[in-house]
Novice: 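One structure follows; several queries about it will come next.
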2 protein chains.
Amino acid sequence: MSDVPSDSFPDRKRGSGVKLVYDLLRDEILDLTLPPGTPIDEVQLAERFGMSRTPIREALVRLAGEGLVETLPNRSSMVANIDVLNLHTFFDALTLMYRVTTRLAAQHHRPEDLVLIRAHQRAYDAAMRSTDALGMIANNRAFHAAIAEAGRNPYYLTFFLRILDEGRRLLRMYYQSFEDRLPEEFSKEHDAIIAAIEARDIELCDRLARAHADQIIGRIQKVFTRDLRQDIAL
Amino acid sequence: MSDVPSDSFPDRKRGSGVKLVYDLLRDEILDLTLPPGTPIDEVQLAERFGMSRTPIREALVRLAGEGLVETLPNRSSMVANIDVLNLHTFFDALTLMYRVTTRLAAQHHRPEDLVLIRAHQRAYDAAMRSTDALGMIANNRAFHAAIAEAGRNPYYLTFFLRILDEGRRLLRMYYQSFEDRLPEEFSKEHDAIIAAIEARDIELCDRLARAHADQIIGRIQKVFTRDLRQDIAL
DNA sequence: GCCGCAATTCTTGTCGACAAATAAAATACA
DNA sequence: TGTATTTTATTTGTCGACAAGAATTGCGGC
């Protein structure tokens, strides 16, 4: 409340308010700036963004539609919780989508797709070298999203993006637990996947995607079981 | 405009307006009562439901989030079109979800799940015998949704429901083209799937689900290619 | 008669305000 | 002192109104 909120977002164009709030809130949720369970007050947001409650509300409705915000009738909404007990169902879906999108990319990719995919992988690698966890997460998502785009199935793409975003929160937790120091395996696996896509080797893509998923899932699970054991031990 | 719209929806409880509009609009879109491309006027809907534009707007935002309504900035929204050119990607996703959910149902189902699944299949069969196309579509959806629920993966369930709803519009077209006279194969295939789930035979479930998908897809494709040929011929 | 520009109408995006529903606080009572 | 009840306060759901932008109509020029 110390700064002047209305000056932070000067005269925006008509129709841009919702997108502004939506994008920012979404990022803050996925980066854990707003941890799960954080209550969301509409008036507070309205003051912060210097606009009426109406566009805020619309942004919240959209976020609720994506499952990032949970809303109880007549009561304050809050940032959606991460269902730790059902994590295995998430991992199952993640693995399947890794495999399917990578297979399809091997089948349907065009040369310009590979340029994009490689660019994201380079950015990922650079972020890794400078231990920039947020950059790694963003570029990892962009990398796999680009692969899914190359597969040219909008249904898989939409679903995969949703899974990846949900995973962004888990990855953030994972990286936090390692204090942003990270293994290099992921980057090498990315390179192998790119090569397999370029070679149009569908079966190899499948195996690599599955291994990549196993790699990530195994590490994340270790974090959560460790946390769980600590909770029980005390 | 002949009846009295404000009397059709008498004093509803606070918070029920959005759901009312959302459910009804959704049904009308999926049943093709509102064909793809139909423009949606907010004031008109507000008058029809006897409420302000605010809840209408929220319902539209949610429908847009599900891809059932397309909205252009500062311009009237409209019922989403069906992308006939990318139908094969839809069929691909549908087949995969049929297989995955049926496999998972074989693994994780409990006795009470089968009761529900059987009930929906009986209702489907009854609707078929009385050539009630809308009833068939609704119960077909409920049947497969119940299988997905028995698989106990909320991510697959959400995605599958979305695919099934998108398919509801295609099925409606299909049934319309056959003037609501329908083949009995679907019902028999449903019975076989139930038996395989109960026997917990994962591989059989996979084969049956794939065959079921092929069956439906083949028939729908025939309708669309036939329409296409007519368009070209004239 | 046709095309380009201006005025108007029409629809959406945003606003401020009010009322219902719930949560919190204060009070009364055993 | 603890509990039930009333009162207050906070927060959401809905409303009517206004303004910006787009579509349409009307007008004038060629």
Side-chain angles (χ1 to χ4, degrees), chain A residues 1 4-26 29 34 37-81, chain B residues 1 4-26 29 34 37-65 67-80:
Chain A
M1 310 290 178
V4 188
S6 34
D7 286 0
S8 315
F9 305 96
D11 5 334
R12 52 221 133 55
K13 276 170 269 173
R14 171 193 172 89
S16 71
V18 179
K19 183 170 164 42
L20 186 73
V21 177
Y22 171 81
D23 286 338
L24 199 51
L25 270 187
R26 180 189 164 83
I29 292 175
L34 295 177
T38 308
I40 299 178
D41 183 10
E42 294 178 5
V43 252
Q44 190 178 321
L45 282 176
E47 286 172 7
R48 175 180 164 196
F49 287 98
M51 60 179 72
S52 153
R53 271 178 53 221
T54 311
I56 306 282
R57 207 147 212 290
E58 184 172 328
L60 288 181
V61 169
R62 284 175 53 184
L63 288 170
E66 296 177 32
L68 294 178
V69 163
E70 287 168 4
T71 163
L72 303 166
N74 288 320
R75 220 180 349 265
S76 187
S77 1
M78 61 180 210
V79 178
N81 279 104
Chain B
M1 305 290 181
V4 188
S6 34
D7 285 359
S8 315
F9 305 96
D11 354 338
R12 53 223 130 54
K13 274 169 269 173
R14 170 194 172 87
S16 71
V18 179
K19 184 170 162 42
L20 186 73
V21 178
Y22 171 81
D23 286 339
L24 199 52
L25 270 187
R26 181 188 163 82
I29 291 174
L34 295 176
T38 308
I40 299 178
D41 184 10
E42 294 178 5
V43 255
Q44 191 179 320
L45 283 176
E47 286 172 8
R48 175 179 165 198
F49 287 98
M51 60 180 72
S52 154
R53 272 178 51 221
T54 311
I56 307 283
R57 208 147 211 290
E58 184 171 328
L60 288 181
V61 169
R62 284 175 54 184
L63 288 170
L68 294 178
V69 163
E70 287 168 4
T71 164
L72 302 166
N74 288 320
R75 220 178 351 263
S76 186
S77 3
M78 61 181 212
V79 178

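Residue numbers start from 1 in every chain, and the chains themselves are labelled A, B, ... in the order their sequence lines are given, proteins ahead of strands.
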Novice: Quick one: on DNA chain D, does Glu58(B) or Arg53(B) contact a more 5' nucleotide (nearest heavy atom)?
Specialist: Glu58(B)
Novice: Looking at Pro39(B) and Ser76(B), what are the two nearest heavy atoms and their distance?
Specialist: CB-OG, 4.3 Å
Novice: Let's go through Leu68(A) and Leu25(A) carefully: what are the C-alpha distance in whole Å and the side-chain angles of both, what is the deciding distance for side-chain contact (heavy atoms from CB on, under 4.5 Å) to 0.1 Å, and is it a yes or a no?
Specialist: CA-CA 10 Å; Leu68(A) 294 178; Leu25(A) 270 187; over 6 Å; no
Novice: For the pair made of CG in Leu45(B) and P in dT11(C), what is the distance, rounded to whole Å?
Specialist: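 Result: 12 Å.
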Novice: Could you state the CE-P distance from Met51(A) to dC18(D), rounded to the nearest angstrom?
Specialist: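 Those two atoms, CE and P, are 22 Å apart.
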Novice: Nearest to the Thr54(A) side chain among dT14(C), dT14(D), dT12(D), which nucleotide is it?
Specialist: dT14(C)
Novice: Could you go through residues 15-23 of chain A and list every donor-acceptor pair under 3.5 Å that involves a side-chain atom there, pairing it with any protein atom two or more places apart or in another chain?
Specialist:
residue	atom	partner	partner atom	Å
Ser16(A)	OG	Lys13(A)	N	3.4
Ser16(A)	OG	Lys13(A)	O	2.8
Lys19(A)	NZ	Asp23(A)	OD2	2.8
Tyr22(A)	OH	Arg26(A)	NH1	3.4
Tyr22(A)	OH	Glu66(A)	OE1	3.3
Tyr22(A)	OH	Glu66(A)	OE2	2.2

Novice: Quick one: which of dT11(D), dT14(C), dT12(C) gets closest to the side chain of Asp41(B)?
Specialist: dT12(C)
Novice: Quick one: which of dA23(D), dT14(C), dG16(D) gets closest to the side chain of Arg75(B)?
Specialist: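 That would be dA23(D).
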Novice: Write down the distance between CG (Leu60(B)) and P (dT12(C)), rounded to a whole number of angstrom.
Specialist: 9 Å
Novice: Among Arg53(A), Arg48(A), Arg75(A), find the residue that satisfies the salt bridge (charged side-chain N to carboxylate O under 4.0 Å, His left out) test when tested with Glu42(A).
Specialist: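 Answer to the salt bridge (charged side-chain N to carboxylate O under 4.0 Å, His left out) test with Glu42(A) among Arg53(A), Arg48(A), Arg75(A): Arg53(A).
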Novice: Using a 4.0 Å heavy-atom cut-off, does Ser16(B) contact any base of the nucleic acid, only the sugar-phosphate backbone, or nothing at all?
Specialist: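 Sugar-phosphate: the residue Ser16(B), judged by heavy atoms under 4.0 Å, touches backbone atoms but no base.
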Novice: Can you figure out which of dT14(D), dT11(C), dC15(C) approaches the side chain of Ser52(B) most closely?
Specialist: dT14(D)
Novice: Looking at dT14(C), dG21(D), dT12(D), which one has an atom nearest to any side-chain atom of Asn74(B)?
Specialist: dG21(D)
Novice: Can you tell me the distance, in whole Å, between the CD atom of Glu42(A) and the P atom of dG16(C)?
Specialist: 15 Å
Novice: Which heavy-atom pair separates Ser52(B) from Ile56(B) by the least distance, and what is that distance?
Specialist: O-CG1, 3.3 Å
Novice: Give the rounded distance in Å between these two atoms: CZ of Phe49(B) and P of dT14(D).
Specialist: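 One finds 13 Å between P of dT14(D) and CZ of Phe49(B), rounded.
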Novice: Testing the basics here: between Val79(A) and Leu34(A), what is the closest heavy-atom pair and its distance to 0.1 Å?
Specialist: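 Looking at all heavy atoms of both residues, the closest pair is CG1-O, 3.8 Å.
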Novice: Whole angstroms only, please: what is the CD-P distance between Glu47(A) and dT14(C)?
Specialist: 18 Å
Novice: Ignoring the backbone of Pro55(B), work out which of dC15(C), dC15(D), dT12(D) is nearest its side chain.
Specialist: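 Of the options given, the side chain of Pro55(B) lies nearest dC15(D).
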Novice: Whole Å only: how far is the CG atom of Leu72(A) from the P atom of dT10(D)?
Specialist: 21 Å
Novice: In whole angstrom, give the distance that lies between atom NZ of Lys13(B) and atom P of dA21(C).
Specialist: 10 Å
Novice: So Ile40(A), base contact, sugar-phosphate only, or nothing? Heavy-atom distance under 4.0 Å.
Specialist: sugar-phosphate
Novice: Can you tell me if Ser76(A) touches the phosphate of dT12(D), counting only side-chain N or O atoms and a distance under 4.0 Å to OP1 or OP2?
Specialist: yes
Novice: Pick from Thr71(B), Leu63(B), Val61(B), Leu72(B): which one makes a side-chain contact (heavy atoms from CB on, under 4.5 Å) with Ser77(B)?
Specialist: Thr71(B)
Novice: Provide a list of protein-nucleic acid N or O atom pairs under 3.5 angstrom, restricted to nucleotides 5-9 of chain C.
Specialist:
none

Novice: Can you figure out which of dT12(C), dA21(C), dT14(D) approaches the side chain of Arg14(B) most closely?
Specialist: dA21(C)
Novice: Indicate the atoms forming the closest heavy-atom contact of Gly37(A) with Met78(A), along with that distance.
Specialist: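 Shortest heavy-atom contact: O-CB, 3.9 Å.
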